[in-house]
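Inspection log for the structure reproduced underneath, given as structure tokens.
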Protein chains: 2
Amino acid sequence: MSREEKPNTAILSRALPRKKQGLSPCAACEVRHLAVCSALKTDDLDELDAILTRRDLSAGDTLFDEGEPARNVYNLTSGCLKLYKLLPDGRRQVTGFLFAGDFVGLANSDDYIYSAEAVTQVALCRFEKHKLDHLMNTHLSLEKRLLGMARFELVEAQEQILMLGRKTAMERIASFILMLSDRAQRRDEPADPVKLPMSRNDIGDYLGLTTETVSRTITRLRKNGIISLDSDRSITIKQRETMNDIAEGF
Amino acid sequence: MSREEKPNTAILSRALPRKKQGLSPCAACEVRHLAVCSALKTDDLDELDAILTRRDLSAGDTLFDEGEPARNVYNLTSGCLKLYKLLPDGRRQVTGFLFAGDFVGLANSDDYIYSAEAVTQVALCRFEKHKLDHLMNTHLSLEKRLLGMARFELVEAQEQILMLGRKTAMERIASFILMLSDRAQRRDEPADPVKLPMSRNDIGDYLGLTTETVSRTITRLRKNGIISLDSDRSITIKQRETMNDIAEGF
DNA sequence: CATCATAATTGACCTAGATCAATTCGTTGC
DNA sequence: GCAACGAATTGATCTAGGTCAATTATGATG
């Protein structure tokens with residue numbers, strides 16, 4: 001880029017005062033570019049801000065339960081949230097882990113089709129569904145963005161279905177670690193080491209395995225020198241190519 | 001409805017000639033109300049018709065392969081289509097069976113993320129992606145409809161994930177038969193008997209089981225009097241409540 | 001209608017991952 | 001530093017569903 005593209009003082013002098021006047025907090029949001037919110041121009045962000053409520057959860061807190069009327073949708077701005085479904089005898093399937101920038105509630109239904117619980121400390125923006133729907137009518141880019149996100153989530157769901165239906169325990173674990181790495185990278189975090197904020201039990205319930213199998217399999221990857229376990233619940237991928245091959249079933 | 005609402009001759013005289021002049025074939029489409037197409041008013045259907053190509057496939061024909069550039073999307077108007085992903089060693093996961101009214105290509109990507117193959121004789125409407133995108137810009141209801149369909153598909157994907165991750169073979173088979181029954185009903189076909197146009201092998205690859213397990217499990221349901229096998233690849237659900245209980249994991 | 005090919009069923013046996021049961025590791029609080 | 005408790009790991013054993021191997025239906029074809 002040429003030096004000439006650096007903003008001159010004239011432009012700067014217009015921008016700065018507005019920020020000081022208290023332009024929408026959304027404008028300063030660090031994950032805006034990752035979230036639905038990126039669909040709106042900076043000038044329109046106050047309309048978004050007007051209909052949202054910010055909320056924090058501690059690790060272990062429940063956001064909502066499967067079966068409750070689904071009045072709200074959420075935008076996760078920091079932390080990790082898990083979504084899960086239960087069978088009557090207590091068997092549990094974690095259907096997804098969400099991180100900063102992810103949207104909660106794309107899967108549309110009158111009632112929530114899964115429960116949502118904080119894995120770590122979590123911050124979110126809550127929108128009443130009907131208010132967001134209304135905003136979508138005046139800001140079509142918002143609807144486009146939501147459609148794009150839904151279509152992308154469908155791609156990821158297909159991957160998850162392949163994993164659960166046909167991959168071995170080892171292939172699932174490798175796929176899972178790589179997925180977390182890829183997603184960290186997408187939100188401008190380092191791809192390596194990979195943080196695993198969730199318990200072995202949660203990982204098992206996501207991968208359709210037991211805690212014990214998750215543990216044994218991670219141990220095996222470690223003993224083979226493909227990964228190493230750091231402290232603070234994170235993993236370093238020592239041989240990414242090998243991991244890829246394992247994950248893809250080669 | 002009152003008699004007065006019956007169209008009078010004046011209205012009829014406007015409507016009939018248009019039909020004879022060759023009003024869009026879409027207007028006569030039997031599955032229009034099930035498909036994306038329902039988003040458009042009858043008067044706008046010719047715009048849809050203008051950008052589509054009708055196509056037939058015989059059982060076993062491939063529509064497209066995973067990895068090909070995804071230039072087209074499709075609307076299935078009759079028959080059954082299966083979508084599947086392969087692992088390098090040939091393990092296969094059928095990610096979905098589609099029927100009349102279903103849309104092929106909601107999961108968005110530059111390349112197809114699965115292969116599509118006709119299970120039975122199939123009829124479809126093909127749309128070039130960019131043309132449909134363009135039509136969406138002038139007909140916002142089309143975009144809304146697509147978003148609605150994507151969000152509904154996400155709900156179904158979550159169910160499938162629970163099934164593959166945590167249900168037993170018996171629970172999967174029961175869930176599968178009931179799902180086919182529900183979907184038949186949604187397209188105004190009888191809920192019972194349920195047609196299973198796909199092979200045991202396809203069912204296995206959808207449920208993450210082998211052909212043998214599918215066969216044994218269906219036999220067990222039959223011997224317990226919960227279902228009966230008719231000729232012509234269809235199944236009668238004799239005890240729907242029991243089936244529901246099995247499917248839900250009670 | 002006999003022939004061949006393919007799909008479905010059934011049986012015998014095997015194995016990946018589950019289950020059950022101890023340890024061991026990490027944290028948190030005192 | 002040291003209990004105390006939950007999470008993770010490791011080991012021993014079990015089992016649901018897979019694999020391998022016939023056998024039997026079910027169509028398609030000349």
Side-chain angles (χ1 to χ4, degrees), chain A residues 58-60 82 87 89-94 119-121 163-177 196-224 227-235 246 249, chain B residues 58-60 82 87 89-94 117 119-121 163-177 195-224 227-235 246 249:
Chain A
S58 304
K82 70 183 179 218
L87 289 171
D89 63 358
R91 276 173 290 168
R92 193 175 65 132
Q93 178 66 35
V94 171
V119 171
T120 63
Q121 177 101 4
M163 186 187 71
L164 291 171
R166 286 304 185 209
K167 289 191 184 177
T168 64
M170 178 61 85
E171 290 162 358
R172 291 179 203 203
I173 293 287
S175 302
F176 178 67
I177 294 172
L196 303 195
M198 64 294 288
S199 70
R200 297 287 187 260
N201 194 34
D202 285 346
I203 297 175
D205 283 349
Y206 178 76
L207 299 177
L209 302 170
T210 58
T211 314
E212 294 92 328
T213 299
V214 171
S215 184
R216 278 187 249 271
T217 308
I218 289 180
T219 300
R220 204 137 71 83
L221 282 171
R222 183 173 52 72
K223 287 192 173 161
N224 290 338
I227 61 171
S228 70
L229 304 200
D230 318 345
S231 54
D232 76 318
R233 285 173 170 279
S234 69
I235 282 183
I246 295 170
Chain B
S58 304
K82 70 183 177 218
L87 288 171
D89 63 357
R91 277 173 289 169
R92 193 175 65 136
Q93 178 66 37
V94 171
E117 186 185 312
V119 171
T120 63
Q121 176 102 3
M163 185 186 73
L164 291 171
R166 288 302 184 210
K167 289 191 183 176
T168 64
M170 179 60 86
E171 289 162 359
R172 292 179 202 203
I173 293 287
S175 302
F176 178 69
I177 294 171
K195 282 210 164 190
L196 304 195
M198 65 293 290
S199 70
R200 296 288 187 260
N201 194 33
D202 285 345
I203 297 174
D205 283 348
Y206 178 77
L207 298 177
L209 303 169
T210 57
T211 315
E212 293 92 328
T213 299
V214 171
S215 184
R216 277 187 250 271
T217 308
I218 289 179
T219 300
R220 203 137 71 83
L221 282 170
R222 181 174 53 73
K223 286 192 174 157
N224 290 340
I227 60 171
S228 71
L229 305 200
D230 316 347
S231 53
D232 75 318
R233 287 171 168 280
S234 68
I235 281 182
I246 295 171

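Computation of the quantities below employed the complete heavy-atom set of this structure, encompassing side-chain atoms and omitting hydrogens, waters and symmetry-equivalent molecules.
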Show the distances under 3.5 angstrom between N or O atoms of the protein and N or O atoms of nucleotides 18-21 of chain D.
| from | atom 1 | to | atom 2 | distance (Å) |
| --- | --- | --- | --- | --- |
| dG18(D) | OP1 | Gly208(B) | O | 3.4 |
| dG18(D) | OP2 | Thr210(B) | N | 3.4 |
| dG18(D) | OP2 | Thr210(B) | OG1 | 3.2 |
| dG18(D) | OP2 | Thr213(B) | OG1 | 2.4 |
| dT19(D) | O4 | Arg216(B) | NH2 | 2.8 |
| dC20(D) | N4 | Glu212(B) | OE2 | 3.0 |

When the side chains of residues 207-223 of chain B are checked against the rest of the protein, which donor-acceptor pairs come out under 3.5 Å, sequence neighbours left out?
| from | atom 1 | to | atom 2 | distance (Å) |
| --- | --- | --- | --- | --- |
| Thr210(B) | OG1 | Thr213(B) | N | 3.3 |
| Thr210(B) | OG1 | Thr213(B) | OG1 | 3.1 |
| Thr211(B) | OG1 | Asn201(B) | OD1 | 3.2 |
| Thr217(B) | OG1 | Thr213(B) | O | 2.6 |
| Thr219(B) | OG1 | Ser215(B) | O | 2.8 |

Next item on the list: Round to a whole Å and report the spacing from CG of Leu196(B) to P of dA7(C).
Entry: 16 Å

Checklist line | Non-neighbouring partners of Asp89(B) that pass salt bridge (Lys or Arg N to Asp or Glu O under 4.0 Å), sequence neighbours left out | finding: Arg91(B)

Notebook entry, point to check: When the distance from CG of Asp202(B) to C1' of dA7(C) is rounded to whole Å, what number comes out?
Noted result: 11 Å

Notebook entry, point to check: How long is the span from the CD1 atom in Ile177(A) to the CD1 atom in Ile246(A), to the nearest 0.5 Å?
Noted result: 9.5 Å

Next item on the list: Return the value, rounded to whole Å, for the distance between atom CZ of Arg222(A) and atom C1' of dA8(D).
Entry: 11 Å

Could you go through nucleotides 23-30 of chain D and list every protein N or O atom that sits under 3.5 Å from one of its N or O atoms, giving the distance for each pair?
none

Next item on the list: To the nearest Å, give me how far apart CE (Met170(A)) and P (dA18(C)) are.
Entry: 14 Å

Margin query: Is the phosphate of dT10(C) approached by Thr219(B) (side-chain N or O, under 4.0 Å from OP1 or OP2)?
Written below: yes

Item checked: Nearest-0.5 Å distance that lies between atom CG in Asp205(A) and atom CZ in Arg166(B) -> 4.5 Å

Notebook entry, point to check: Between dG17(D) atom P and Ile218(B) atom CD1, what is the distance in whole Å?
Noted result: 14 Å

Next item on the list: Quick one: label Ser215(A) by what it contacts on the DNA or RNA (base, sugar-phosphate, nothing), any heavy atom closer than 4.0 Å.
Entry: base

Item checked: Whole-Å gap separating C1' (dA7(C)) and CG (Asn201(B)) -> 9 Å

Checklist line | Nucleotide nearest Ser199(B) when distance is taken to its side chain, options dA7(C), dG17(D), dT9(C) | finding: dA7(C)

Next item on the list: Would you work out how much the helix from dC1(C)-dG30(D) to dC30(C)-dG1(D) bends between its ends, with each end axis defined by five base pairs, to 10 degrees?
Entry: 50°

Notebook entry, point to check: Does a side-chain heavy-atom distance below 4.5 Å link Arg172(A) with Leu164(A)?
Noted result: yes

Margin query: Without decimals, in angstroms, what is the distance between Lys167(A) NZ and dA16(C) C1'?
Written below: 17 Å

Next item on the list: Tell me, please, which residues at least two apart from Lys82(A) pass salt bridge (Lys or Arg N to Asp or Glu O under 4.0 Å).
Entry: Glu117(A), Asp202(A)

Checklist line | Atom-pair distance (CG on Asp89(A); P on dT19(C)), nearest Å | finding: 10 Å

